[in-house]
2 protein chains.
Amino acid sequence: MEAQTQIEISDAEWEVMRVTWTLGSVTSSQMAEIMAEKMGWKTATVKTLLGRLIKKGALRAEKNGRAFTYYPTVDEQPSMDEAVTTLFGHLCQMRVGQTLTDLVAKVQLSQKDIQQLQAALAKKAETAPEMVDCDCVPGQTKC
Amino acid sequence: MEAQTQIEISDAEWEVMRVTWTLGSVTSSQMAEIMAEKMGWKTATVKTLLGRLIKKGALRAEKNGRAFTYYPTVDEQPSMDEAVTTLFGHLCQMRVGQTLTDLVAKVQLSQKDIQQLQAALAKKAETAPEMVDCDCVPGQTKC
DNA sequence: ATTTTTAGTTTACAACCGTAAACAGTAAAA
DNA sequence: TTTTACTGTTTACGGTTGTAAACTAAAAAT
């Protein structure tokens, strides 16, 4: 099967996707209302973003009387995972651990999230190396 | 004192910054050589990026004979933390935990990184709520 | 049947990005 | 000293992004 072609979602487009994922489906008037409140965007802006997301293939529109109803065509969690993986790919490997630690301190996590993370870390520890090398400069293995 | 004004570093610029952070200082010819190998960029491309980073205030250049030597003017870890925080700010709060778990499974972590993360999680657990609410649609507290 | 509202499509437009060639000035080599 | 090489500065150029107005077609209200 064909792996889903990489869709680039911009910052503003993310906001639209979030709402779509949460609601499952939306009309543009609904979206316009939500984005007016949440982001202070004009209706025209929302229309543009919906159009771009359709063109990118992240949303699908189904005619519903006069208007369309919009549905996501990509899943939320994989999209998020991918965005995050891309960003971490730009970071020095050696610093990923510290960055994650700083992040954990900053975000909201539920008890269950924490347990899950602890489990993932425990498993990771089984095979983790003593040291991760810097990968910022080719040929150089250690900072 | 003046909080450092937010500097936006693009994907390509990140690559340049990484090298600069790792080496502490670089000449443009050094950078050109490294980026040719690491990214396949032409010298001209590197010059452009160095110039843009100077203009953005992420690098500083000090005249050194014929050429300049470039130094970072922002620190690595805070820059990374900020970029990551910004991205996570675009994500549904409810999904942050899962996203972190997926990420932990994917990245390289040293034993020390893991211990540090476990400590951060243990502390977090002391005050973590049972459940994190979705913040994708205003007024709606739960998905 | 007109007028008004609504919703999708086109066009706008400046800033930013990736990628790089062209140009200019100065130092080094011949 | 004339030529060459290096290095920083300008210009280029199409694509993306944020932000939105203008235009158009169809439905709803009068």
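Proteins come first, then strands; the chains are lettered A, B, ... in the order of their sequence lines, and each starts at number 1.
- The distance from atom CH2 of B/W41 to atom C1' of C/dG18 is 8 Å, rounded to the nearest whole Å.
- By the 4.0 Å N-to-carboxylate-O rule, A/E130 lies too far from B/K112 to be salt-bridged with it.
- For A/S28 against C/dA7, a side-chain-to-base donor-acceptor contact under 3.5 Å is absent.
- Inter-axis angle, ends of the helix from C/dA1-D/dT30 to C/dA30-D/dT1, five pairs per end, rounded to 10 degrees: 20°.
- Between the CE atom of B/M35 and the P atom of C/dA20 there is a distance of 12 Å, rounded to whole Å.
- A donor-acceptor distance shorter than 3.5 angstrom exists from the side chain of A/T86 to the backbone of A/E82, with no hydrogens or angles considered.
- Atom CD of B/E15 sits about 9.5 Å away from atom OG of B/S10, to the nearest 0.5 Å.
- First and last contacts of DNA chain D with chain B, using any nucleotide atom under 4.0 Å from a protein heavy atom and ordered 5' to 3', fall at D/dT7 to D/dA12.
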**OP:** Under the side-chain hydrogen bond (donor to acceptor under 3.5 Å, both in side chains) rule, what do B/D102 and B/T99 come out as? Steps first, then yes or no, please.
**Re:** CA-CA 5 Å; B/D102 293 349; B/T99 306; 5.7 Å; no
**OP:** Dump the intermediate steps for side chain to side chain contact (heavy atoms under 4.5 Å, CB included) on A/W14 and B/L91, then the final yes or no.
**Re:** CA-CA 8 Å; A/W14 265 106; B/L91 305 187; 4.1 Å; yes
**OP:** Start with the C-alpha gap between A/E76 and B/R95, add the side-chain angles, then the distance that decides, and say whether salt bridge (Lys or Arg N to Asp or Glu O under 4.0 Å) holds.
**Re:** CA-CA 9 Å; A/E76 180 167 18; B/R95 306 247 177 192; 3.0 Å; yes
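- Distance from the side chain of B/E8 is smallest to C/dC17 among C/dC17, C/dA21, C/dA7.
- Put simply, CD1 on A/I54 is 13 Å from C1' on C/dA7, counting in whole angstrom units.
- At the phosphate of C/dG18, OP1 or OP2 sits under 4.0 Å from a side-chain N or O atom of B/S10.
- Residue contacts shown for A/T48 include a base, since a base heavy atom lies under 4.0 Å away.
- Judged by distance alone, with hydrogens and angles left aside, the side-chain atoms of B/T22 form no donor-acceptor pair with the main-chain N or O of A/C136 at under 3.5 Å.
- In terms of polar N and O atoms assigned as donor or acceptor, the side chain of A/R52 never comes within less than 3.5 Å of the base of C/dT10 in a complementary pairing.
- Separating the CD atom in A/Q93 from the CG atom in A/D135 is a distance of 4.5 Å, to the nearest 0.5 Å.
- In this entry the distance linking CG of A/L59 with C1' of C/dG8 reads 15 Å, nearest Å.
- Separating the CG atom of A/D11 from the C1' atom of C/dC17 is a distance of 14 Å, rounded to the nearest angstrom.
- Protein atom CD of B/E13 is 13 Å distant from nucleotide atom C1' of C/dA15, rounded to whole Å.
- Position along DNA chain C of the nearest nucleotide to B/K47 versus B/K56 favours B/K56 as the more 5'-ward residue.
- Atoms NZ (A/K55) and P (C/dT11) sit 11 Å apart, rounded to a whole Å.
- Contacts of A/T45 with the nucleic acid, taken as non-hydrogen atoms under 4.0 Å apart, include base atoms.
- Between the NE2 atom of A/H90 and the P atom of C/dC17 there is a distance of 12 Å, rounded to whole Å.
- For the residue pair A/Q116 and A/Q118, no side-chain donor N or O sits within less than 3.5 Å of a side-chain acceptor on the partner.
- Without hydrogens or angle criteria, B/R52 side chain to B/K47 main chain gives no donor-acceptor distance under 3.5 Å.
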